[in-house]
Amino acid sequence: MNQRVIVEKTLTINKPVEELYRFWRNFDNLPRFIKHLKQVRVYDEKRESSGHATRTHWISKGFLNGSVEWDVVITEDRENELIAWTSVEGAAIETSGRVHFKPAPGNRGTEVKTVREFTPPGGAIGAALAFAERLVEKPVIDIAKLFGEDPELEIKEDLRRFKMLMEAGEIATIEGQPRG
């Protein structure tokens, strides 16, 4: 059985809670700052308080320029406070997460805390990685780093891009620029 990875990061953003929540809650915005996401489509827009979950379809960049797709339901949605989600049973990616919004101390904006959980994909490669993990006694997160993926760094960078987008209106980058 694959080990579940949990990553938690918090960042203060100099914007009001309502603005940050509203931007994140518009799921079409997520690929603007979550680098691995290509697209998020909303199938069924319903509020959790109505007893029905919002269902979305996520498309992520995959191995060798491919794509990975899965469905997600919103499990909890408290306006200006929390959005929580989980992948549906049988999804290609087994993941869940939540993002909390709370006023920062001293009227310094909003603390945005994201917690993401996932189980690395299975199959033969997953089994081999799990076996290798036991041999070298390294956690799953270190094995992911061998393949150029560091979930902790990715989530930290996603939050950093969110901060730049919300505070400056754009994401500063050096990608595509010549060296010099």
Visitor: When rounded to the nearest 0.5 angstrom, what distance separates NZ in Lys102 from NZ in Lys113?
Guide: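 The NZ atom of Lys102 sits 8.0 Å away from the NZ atom of Lys113.
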
Visitor: Charged N to carboxylate O under 4.0 angstrom, Arg78 versus Glu76?
Guide: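 A salt bridge links Arg78 with Glu76.
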
Visitor: Does the side chain of Lys35 come within less than 4.5 Å of Arg161's, by heavy atoms?
Guide: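 Yes; the side chains approach each other to less than 4.5 Å.
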
Visitor: Students often mix this up, so state it plainly: with edges at 30° and 60°, are the rings of Trp24 and Phe162 parallel, tilted or perpendicular?
Guide: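 The rings of Trp24 and Phe162 stand perpendicular, inter-plane angle above 60°.
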
Visitor: How far does CD of Glu111 sit from NE2 of His100, to the nearest 0.5 angstrom?
Guide: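 Nearest 0.5 Å value for the CD-NE2 distance: 11.5 Å.
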
Visitor: Under 4.5 Å between side-chain heavy atoms, counting indirect links through other Ile/Leu/Val/Met/Phe/Trp/Tyr residues: same cluster for Leu30 and Val68 or not?
Guide: yes

Visitor: Any idea which heavy atoms bring Pro31 and Lys38 closest together, and the distance?
Guide: CB-O, 3.8 Å

Visitor: Indicate yes or no: at least one non-hydrogen side-chain atom of Trp58 is less than 4.5 angstrom from one of Ile93.
Guide: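 Not in contact.
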
Visitor: Please find the pair of heavy atoms, one from Met166 and one from Lys15, that lie closest to each other, and give the distance.
Guide: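 Minimum heavy-atom contact is O-CE, 2.9 Å.
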
Visitor: Can you find a heavy atom in the side chain of Tyr43 that is under 4.5 Å from one in the side chain of Asp71?
Guide: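 Yes. Closest side-chain heavy atoms under 4.5 Å.
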
Visitor: Are Ile59 and Arg41 close enough that some pair of their side-chain heavy atoms sits under 4.5 Å apart?
Guide: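 Yes - at least one pair of side-chain heavy atoms lies under 4.5 Å apart.
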
Visitor: CD of Glu89 to CD of Glu94: how many Å apart, nearest 0.5 Å?
Guide: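 Rounded to the nearest 0.5 Å, the CD-CD separation comes out at 9.5 Å.
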
Visitor: Does one hydrophobic cluster hold both Trp85 and Leu82, with members joined at side-chain heavy-atom distances below 4.5 Å?
Guide: no

Visitor: Quick one: ring-ring contact (aromatic ring centres under 6.0 Å, His included) partners of Phe23, sequence neighbours excluded?
Guide: none

Visitor: Check for me, please, whether Phe101 and Leu11 land in the same ILVMFWY cluster - side-chain distances under 4.5 Å, paths through other members count.
Guide: yes

Visitor: Do Arg116 and Asp158 make a side-chain contact, defined as non-hydrogen atoms from C-beta onward lying under 4.5 Å apart?
Guide: yes

Visitor: With side chains defined as the heavy atoms from C-beta onward, is the minimum distance between Thr110 and Tyr21 less than 4.5 Å?
Guide: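 No - every pair of side-chain heavy atoms lies 4.5 Å or more apart.
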
Visitor: As a quick check of understanding, evaluate side-chain contact (heavy atoms from CB on, under 4.5 Å) for Val88 and Arg55, giving each step before the final call.
Guide: CA-CA 9 Å; Val88 299; Arg55 187 176 177 116; 3.8 Å; yes

Visitor: Same hydrophobic cluster for Leu153 and Val99, using side-chain heavy-atom links shorter than 4.5 Å among ILVMFWY?
Guide: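 Different clusters.
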
Visitor: Working to the nearest 0.5 Å, report the span between CG of Asp28 and OG1 of Thr56.
Guide: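 The CG atom of Asp28 sits 10.5 Å away from the OG1 atom of Thr56.
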
Visitor: Rounded to the nearest 0.5 Å, what's the gap from CD on Glu157 to CD1 on Ile171? Could you check?
Guide: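 If I round to the nearest 0.5 Å, the distance is 10.5 Å.
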
Visitor: Counting only N and O atoms by type, is there a donor-acceptor contact under 3.5 Å from the side chain of Thr95 to the main-chain atoms of Glu117?
Guide: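 Yes, because the side chain of Thr95 sits within donor-acceptor range (under 3.5 Å) of the backbone of Glu117.
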
Visitor: Quick check against the 3.5 Å criterion: does Lys163 have a side-chain atom that pairs as donor or acceptor with the backbone of Thr12?
Guide: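 Yes, because the side chain of Lys163 sits within donor-acceptor range (under 3.5 Å) of the backbone of Thr12.
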
Visitor: Which residues pass the salt bridge (charged side-chain N to carboxylate O under 4.0 Å, His left out) test with Arg22, not counting sequence neighbours?
Guide: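 For Arg22 there are no salt bridge (charged side-chain N to carboxylate O under 4.0 Å, His left out) partners, ignoring immediate neighbours.
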
Visitor: Flag the pair Glu170 / Met164 as yes when at least one side-chain heavy-atom distance between them is below 4.5 Å, and no otherwise.
Guide: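 In short, these two side chains do not touch, never coming nearer than 4.5 Å.
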
Visitor: Go through the steps to decide whether Leu159 and Thr114 satisfy the test side-chain contact (heavy atoms from CB on, under 4.5 Å), and finish with yes or no.
Guide: CA-CA 8 Å; Leu159 272 180; Thr114 183; 3.7 Å; yes

Visitor: Any side-chain heavy atom of Arg98 within less than 4.5 Å of one from Thr75?
Guide: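 Answer no - side chains too far apart.
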
Visitor: Report whether Ile83 and Trp70 are members of the same hydrophobic cluster (ILVMFWY, side-chain heavy atoms less than 4.5 Å apart, transitive linking).
Guide: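 Both belong to a single hydrophobic cluster.
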
